[in-house]
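Input: a single structure, listed below in structure tokens.
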Amino acid sequence: FDDLPRGIWHTVAVEVEHGLSSATMRKQFWLGTGNLADTSRSVGPFNEKDAMLNRRFIAYLATADELMEYDALTLEAKRRFLDEFWIRRDPDSTTLRNEFFETHKLRFAVANQKFSTYMSSQEDGWNTDRGRVLILYGEPDEVVQTPSSIVTWGYERWEYHRLEGGVFFIFLDWKNL
């Protein structure tokens with residue numbers, strides 16, 4: 001194993017009975033220090049829908065160059081790209097978990113749960129202004145809600161006290177929801 005490069009490898013197990021292949025299992029593993037967290041967003045074959053969902057999932061984290069590269073790849077190359085994408089962002093490669101991936105996955109799910117509209121597919125909360133901020137920075141330290149009135153629209157002010165010395169985002173309710 002010393003001659004093999006560090007990275008993601010796959011083991012394939014095939015159950016053969018009387019000369020017929022009856023079951024195949026493919027499992028990835030990490031060769032090097034630490035182990036690879038399960039960063040796959042799909043089970044089974046990787047298809048066009050998986051590729052699209054994963055592109056949405058990395059949209060706010062990837063650079064413009066990374067997204068262009070991803071878009072130009074084949075399906076199998078996109079799967080490998082995603083594996084490497086998450087490995088590069090793992091804050092501690094000596095642990096079994098990829099804490100960055102887990103945090104991002106949770107924030108993405110929370111954004112969809114909180115901010116998807118009832119008329120949508122329940123998967124678009126990540127693509128709202130509040131969803132984007134939540135995914136990038138986490139839950140705010142403080143939320144101030146101001147209801148609409150006859151003369152003004154309502155808005156929410158999200159405050160992050162520890163982000164760059166204090167940052168706030170204002171989300172205007174221009175639809176009066």
Side-chain angles (χ1 to χ4, degrees), residues 8 34 36-43 46-73 75 77-177:
I8 297 167
L36 178 66
D38 180 14
T39 55
S40 172
R41 296 218 356 119
S42 65
V43 176
F46 191 77
N47 57 38
E48 289 293 336
K49 183 177 179 185
D50 296 325
M52 181 214 32
L53 292 173
N54 274 284
R55 190 187 190 291
R56 290 178 183 174
F57 191 63
I58 66 170
Y60 298 144
L61 304 176
T63 64
D65 288 343
E66 285 175 320
L67 291 174
M68 283 181 13
E69 177 186 349
Y70 182 81
D71 292 340
L73 297 172
L75 281 177
K78 285 179 180 179
R79 184 192 289 263
R80 287 190 305 271
F81 175 95
L82 291 166
D83 290 338
E84 291 298 324
F85 178 87
W86 292 112
I87 287 170
R88 285 192 305 272
R89 286 159 175 80
D90 187 357
D92 187 355
S93 62
T94 64
T95 64
L96 295 174
R97 299 172 44 224
N98 183 331
E99 297 82 0
F100 185 84
F101 173 80
E102 290 174 2
T103 297
H104 181 69
K105 186 176 179 179
L106 176 63
R107 288 177 179 177
F108 197 87
V110 168
N112 279 336
Q113 188 258 335
K114 282 185 168 184
F115 306 123
S116 290
T117 60
Y118 69 93
M119 295 175 68
S120 74
S121 65
Q122 298 299 313
E123 295 284 328
D124 69 345
W126 70 274
N127 201 25
T128 63
D129 292 336
R130 290 184 296 173
R132 181 181 193 147
V133 171
L134 180 98
I135 288 168
L136 290 173
Y137 305 113
E139 293 284 348
D141 296 315
E142 190 174 342
V143 175
V144 177
Q145 294 180 323
T146 303
S148 60
S149 69
I150 295 173
V151 294
T152 63
W153 285 309
Y155 65 90
E156 276 187 5
R157 176 183 165 122
W158 288 14
E159 298 180 7
Y160 292 85
H161 303 299
R162 294 176 296 278
L163 182 63
E164 297 184 18
V167 173
F168 64 88
F169 296 90
I170 295 178
F171 304 100
L172 182 63
D173 182 10
W174 60 274
K175 291 182 181 177
N176 217 12
L177 301 174

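Just so it is clear, the model here is predicted, and its values are computed rather than measured.
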Taking every heavy atom of Tyr160 against every heavy atom of Glu139, the minimum-distance pair comes out as CE2-O, 3.6 Å
Distance col, row Arg88:CZ vs Asn98:CG, nearest 0.5 angstrom, shows 12.0 Å
* Asked: What do the steps show when you test Asp173 against Thr146 for side chain to side chain contact (heavy atoms under 4.5 Å, CB included), and what is the final call?
  -> CA-CA 10 Å; Asp173 182 10; Thr146 303; over 6 Å; no
d(Phe85 CZ, Asp90 CG) to nearest 0.5 Å is 12.5 Å
Side chain to side chain contact (heavy atoms under 4.5 Å, CB included), that's the test. Do Ile135 and His104 meet it? Break it down for me. CA-CA 7 Å; Ile135 288 168; His104 181 69; 3.4 Å; yes
- Do you see a donor-acceptor pair shorter than 3.5 Å between the side chains of Glu99 and Thr95? yes
Value for CZ (Phe115) from CZ (Arg130), rounded to nearest 0.5 Å, stands at 4.5 Å
Shortest non-hydrogen pair, Ala51 vs Lys78, comes out as CB-CD, 3.9 Å
When every non-hydrogen atom of Phe46 is compared with those of Asn54, the smallest separation belongs to CE1-ND2, 3.6 Å
- request: Report yes or no: does Asn112 contribute a side-chain atom to a donor-acceptor pair with the main-chain N or O of Trp126 at less than 3.5 Å?
  value: yes
_Before you tell me yes or no, could you show the steps for Ile170 and Trp158 under side chain to side chain contact (heavy atoms under 4.5 Å, CB included), namely the whole-Å CA-CA distance, both residues' side-chain angles and the distance that decides it to 0.1 Å?_
CA-CA 6 Å; Ile170 295 178; Trp158 288 14; over 6 Å; no
Interatomic distance, CZ@Phe168 vs CG@Leu163, rounded to 0.5 Å, equals 12.5 Å
Practice prompt. For the residue pair Thr63 and Asp65, confirm or rule out a side-chain donor-acceptor distance under 3.5 Å.
Written response: no
Rounded to the nearest 0.5 angstrom, the CG-CG distance for Asp50 and Leu75 is 8.5 Å
Exercise for the section: Could you give me the CA-CA distance, side-chain angles and deciding distance for Asp141 and Glu159, then say whether side chain to side chain contact (heavy atoms under 4.5 Å, CB included) is met? Expected result: CA-CA 6 Å; Asp141 296 315; Glu159 298 180 7; 5.5 Å; no
Report task. Answer yes or no: is there a side-chain heavy-atom contact under 4.5 Å between Arg89 and Phe101? Result -> no
Hey, is the main chain of Gly125 close enough, under 3.5 Å, to the side chain of Ser116 for a donor-acceptor pair? yes
CG of Asp124 to CZ of Arg56, rounded to nearest 0.5 Å, is 9.0 Å
Heavy-atom closest pair (Leu61 atom, Glu66 atom, distance to 0.1 Å) is O-OE1, 4.4 Å
Are Phe57 and Trp86 close enough that their ring centers fall under 6.0 Å? yes
